[in-house]
Amino acid sequence: DNSCFLGSSTLLLAQVVGAWRRGRFVAALQTFAVLHDHFLTAAHPGFFLHSAWPLGDQDVRFWKDRLLYQIRRFRQIVGRTLDQGQKAFDEVPDAVE
C-alpha cells in the first residue's frame with residue numbers, strides 16, 4: 001500500500017474542519033469518526049510525538065468532546081425550533097467559531 005499515513009490523516013482532519021465551518025455538523029462528526037477509529041487509534045504512540053501531525057492526544061480528545069457536544073446542542077435546537085423553519089437558525093450563536 002502506497003498511502004501516506006500522515007497525509008491521509010491530515011486530509012481527513014482538513015475535511016472535518018471544512019465541514020464544521022460550513023455548518024455540516026453530521027458530516028464533520030462522521031469524518032472525525034473515520035479519522036479517530038481508523039487512523040489515530042491505530043497510530044504508533046510515536047506518531048503524535050515525532051511527526052508533523054498538528055494535534056496531540058489531549059487535542060484529539062478535546063475535538064471529540066467538542067464535536068459530540070455541538071451535535072447534541074444542534075439536535076436540541078432543532079427540536080425546540082422545528083416549527084419556525086429556516087429563520088430559527090439565523091441567530092444561533094456558535095461558541096466554537
Would you say the side chain of V17 lies within less than 4.5 Å of the side chain of R21, judging by non-hydrogen atoms? yes

Tell me every residue that passes side chain to side chain contact (heavy atoms under 4.5 Å, CB included) with F62, counting only those two or more places apart in sequence or in another chain. R66

How far apart are the closest heavy atoms of V16 and F32, and which atoms are they? CG2-N, 3.5 Å

With sequence neighbours excluded, what pairs up with L13 under the side chain to side chain contact (heavy atoms under 4.5 Å, CB included) test? L35, W53, P54, L55, W63

Group every Ile, Leu, Val, Met, Phe, Trp and Tyr by side-chain heavy-atom contacts under 4.5 Å, then state whether V34 and L29 land in the same group. yes

Mind checking what makes side-chain hydrogen bond (donor to acceptor under 3.5 Å, both in side chains) contact with R24, not counting sequence neighbours? none

Can you name the closest pair of heavy atoms from D37 and T41 and give their distance? O-OG1, 3.0 Å

For F39 and S9, work out which heavy atoms get closest and say how close. CD2-OG, 3.5 Å

